[in-house]
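What's counted below: heavy atoms across the whole structure, side chains too, no hydrogens, waters or symmetry copies. Positions are given from 1 along the sequence.
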Amino acid sequence: MSEYEISIVGTGFVGLVTAVCFADRGIKTICSTRNEKNAELINQGIPPFFENGLAELLKKVVDEGNLVCVTSREEAVLKSDVTLIIVGTPFNHIDKSINLDYMKQAGTDIGKALAKKDDYHLVAVRSTVVPGTSRNMVGKELTELSGKELGKDIGLVMQPEFLAEGRSIEDTFWPDRIVIGEYDERSGETLQKLYERFYGDHIGENCPIIRMNIESAELVKYANNSFLATKISFINEISRIAELVPGVDVGKVSNGIGLDYRINHRFLNSGVGWGGSCFPKDLNAIVAFSRSKGLEAKLIQSAIDVNDDQALHAIELAEELLGSFNGKTIALLGLAFKPGTDDMRYAPSRRIASKAVSLGAKVKGYDPKAKESAEEAFGQDGTEIVFVDSVEEVVKDTDCAIVCAEWDEFLELKPEFFINNMRTPCVVDGRRIYDALEFSKQLKYRIIGHKLE
Ligand SMILES: NC(=O)c1ccc[n+]([C@@H]2O[C@H](COP(=O)([O-])OP(=O)(O)OC[C@H]3O[C@@H](n4cnc5c(N)ncnc54)[C@H](O)[C@@H]3O)[C@@H](O)[C@H]2O)c1
């Protein structure tokens, strides 16, 4: 047995959360990143990004000596028995296909390191990758560069990750299933044993381990995200139909269908649409993958199209209340793609802000956690907005407030708050967090999915 049981290549969002959770269960973990500053922070017990509960847990596992971070992938691999690859798999901006450069590099580096190792080593791909990647790209790099054989000296599995940002630690400790795509039986068995120790009694009826071939596991992840994103786009389309009929509230409709056990309530809240690091890139990647094989994935493409329109629908609602945007000041409440994270990747607030600016408005933004990442994201977009430090400041002297992310501190705001602070009290409730009747009696108000009679 090596000094560390597990090594993790990539200490981004999923990599670091996974490392911390393994270490918390007493499994000695070594992670590697090329970013020296991040490695330093991690070794001091400080996460380089915000995630609920991560800071406390990271500090604990570093102090206990169960987690270290190094900048050499070779060192991490050679000091461990199992390596998890959790590098980013972004999409190419031109054709929106998956960019596997980091994945290939990880395969190369791990392969080179394994050339120096005698014992059996298991490599698990945990990043989201299109079918065929783990075997044909990572497996190929591993064997060519190590000079070893898959299924004999090196094991290979693909285990999709299903955690959600904002609740990723909880999701990692209490998953509802573990999917293992295996190159051969020994590879799958080795990973299964590790999880049986990690999860103990949690494995069983509440969390079965299901095993399959590698490509099926790769597709499970895309099918999973496509389904969830489509569910949201579906209810958003229904919300647009609801708005055509005054008095119909999409919340009631959603409840009405969510009580059907075949549908359930989750991912049935309409709003300004989905974003984040996964849904946009994964749906686009699987559409591009299918197209490269001659198939148009029409339903998934429609889920993307509906979502693209939905953020801009907030602007249409604001226009109904304001008339023109020209010369107006707009307040954005919540900038991250959802509460509980500072992740700005494909956040709807970005499209909303950019459209508002293009229509001649000034935009102010406030997010309880995402100020820094938002400054970076809006900078990349070239969208000029003013960032402030409180919800009072953001609405002050503005003409319309648009709720883009439903952070707790926004939920308790009353109509008086907007009336007392805004130049023109006017709210577009993009996350359906306020009582539509109460608000619309006192100020100009539109909510997604409910046109009042
Ligand atoms: N974020 C999520 O909620 C989530 C959930 C499930 C699955 N996933 C999948 O997990 C994988 C990792 O996602 P993430 O959110 O942790 O990504 P991330 O962008 O937060 O982290 C990616 C990490 O990859 C590493 N990396 C390696 N080589 C790199 C390079 N040359 N340039 C930049 N970074 C490099 C870095 O450590 C970086 O931090 C992706 O495939 C993603 O689709 C993400």
Inset, instruction - Start with the C-alpha gap between S97 and F289, add the side-chain angles, then the distance that decides, and say whether side chain to side chain contact (heavy atoms under 4.5 Å, CB included) holds. - result: CA-CA 7 Å; S97 63; F289 173 81; over 6 Å; no

Legend entry - Which residues share a side-chain contact (heavy atoms from CB on, under 4.5 Å) with K362, sequence neighbours left out: T329

Inset, instruction - Measure the shortest side-chain to side-chain distance between K355 and R350 over non-hydrogen atoms and say whether it is less than 4.5 angstrom. - result: no

Legend entry - Residue Q380 excluded, over 12 heavy atoms near CD under 6.0 Å: yes

Legend entry - Min side-chain heavy-atom separation K96-N92 under 4.5 Å: no

Inset, instruction - Please indicate whether E384 has more than 12 foreign heavy atoms, meaning atoms of other residues, nucleotides or ligands, lying under 6.0 Å from its CD. - result: no

Inset, instruction - Determine, for E161 against K221, whether the closest basic-nitrogen to carboxylate-oxygen distance falls under 4.0 angstrom. - result: no

Inset, instruction - Taking the side chain as every heavy atom from C-beta outward, state whether T128 and K281 have any pair of such atoms under 4.5 Å apart. - result: yes

Legend entry - Contact check, side chains of V427 and C400, non-hydrogen atoms, under 4.5 Å: no

Inset, instruction - Give me the one residue out of L219, D282, I286 that meets side chain to side chain contact (heavy atoms under 4.5 Å, CB included) with S226. - result: I286

Legend entry - Cationic N near anionic O, under 4.0 Å, K371 to D367: no

Inset, instruction - For E149, check side-chain contact (heavy atoms from CB on, under 4.5 Å) against everything at least two apart and list the hits. - result: K152, D153

Legend entry - Residue pair I27 / N66, side-chain heavy-atom distance below 4.5 Å: no

Inset, instruction - Please name all residues satisfying side-chain contact (heavy atoms from CB on, under 4.5 Å) with E237, sequence neighbours left out, ordered by chain then number. - result: V306

Legend entry - Distance-only polar pair, side chains of D171 and S168, donor-acceptor under 3.5 Å: no

Inset, instruction - Flag the pair K338 and E406 as a salt bridge only when some basic side-chain nitrogen lies within less than 4.0 angstrom of an acidic carboxylate oxygen. - result: no

Inset, instruction - State whether a side-chain donor-acceptor pair under 3.5 Å links S254 with H265. - result: no

Inset, instruction - State which residues pass side-chain contact (heavy atoms from CB on, under 4.5 Å) with I210; sequence neighbours excluded, sorted by chain then number. - result: V179, M212

Legend entry - Full working for side chain to side chain contact (heavy atoms under 4.5 Å, CB included) between L194 and I6: CA-CA 10 Å; L194 176 69; I6 292 175; 3.8 Å; yes

Inset, instruction - Go through the structure and list residues passing side-chain hydrogen bond (donor to acceptor under 3.5 Å, both in side chains) with R351, not counting sequence neighbours. - result: none

Legend entry - L100/V129 under side chain to side chain contact (heavy atoms under 4.5 Å, CB included): CA gap, chis, key distance, verdict: CA-CA 8 Å; L100 292 167; V129 290; 3.9 Å; yes

Inset, instruction - Please determine if R186 and D184 form a salt bridge, counting it only when a charged side-chain N lies under 4.0 Å from a carboxylate O. - result: no

Legend entry - Side chains of M344 and F337 in contact at under 4.5 Å (non-hydrogen atoms): no

Inset, instruction - May I have the step-by-step check of side chain to side chain contact (heavy atoms under 4.5 Å, CB included) for Q310 and W274, ending in yes or no? - result: CA-CA 9 Å; Q310 193 65 12; W274 37 267; over 6 Å; no

Inset, instruction - Return the set of residues passing ring pair (Phe, Tyr, Trp, His ring centres under 6.0 Å) with F378 (not counting sequence neighbours), or none when no residue passes. - result: F387

Legend entry - Residues that K79 engages under side-chain hydrogen bond (donor to acceptor under 3.5 Å, both in side chains), provided they are two or more places apart: E75

Inset, instruction - With sequence neighbours excluded, tell me which residues meet ring pair (Phe, Tyr, Trp, His ring centres under 6.0 Å) with F162. - result: none

Legend entry - Summary of ring-ring contact (aromatic ring centres under 6.0 Å, His included) pairs that have at least one residue in residues 67-98, sequence neighbours excluded: F91-H93, F91-Y346

Legend entry - Identified side chain to side chain contact (heavy atoms under 4.5 Å, CB included) counterpart of T11 within the set T33, V17, V87, N35: T33

Legend entry - ring-ring contact (aromatic ring centres under 6.0 Å, His included) pairs, two or more places apart, involving residues 42-62: F13-F49

Legend entry - Contact check, side chains of E182 and I214, non-hydrogen atoms, under 4.5 Å: no

Inset, instruction - For E165, check side-chain hydrogen bond (donor to acceptor under 3.5 Å, both in side chains) against everything at least two apart and list the hits. - result: S277, T341

Inset, instruction - Test K60 against E64 for salt bridge (Lys or Arg N to Asp or Glu O under 4.0 Å), laying out the working first. - result: CA-CA 6 Å; K60 172 177 169 281; E64 287 168 351; 3.5 Å; yes

Legend entry - Ion pair E5/K28, N-O distance below 4.0 Å: no

Legend entry - Residues S7 and T83: side-chain donor-acceptor under 3.5 angstrom: yes

Inset, instruction - Would you please name every residue forming a ring pair (Phe, Tyr, Trp, His ring centres under 6.0 Å) with F198, sequence neighbours left out? - result: F22

Inset, instruction - Salt-bridge test for D109 and R34: reply yes if a basic N is under 4.0 Å from a carboxylate O, no otherwise. - result: yes

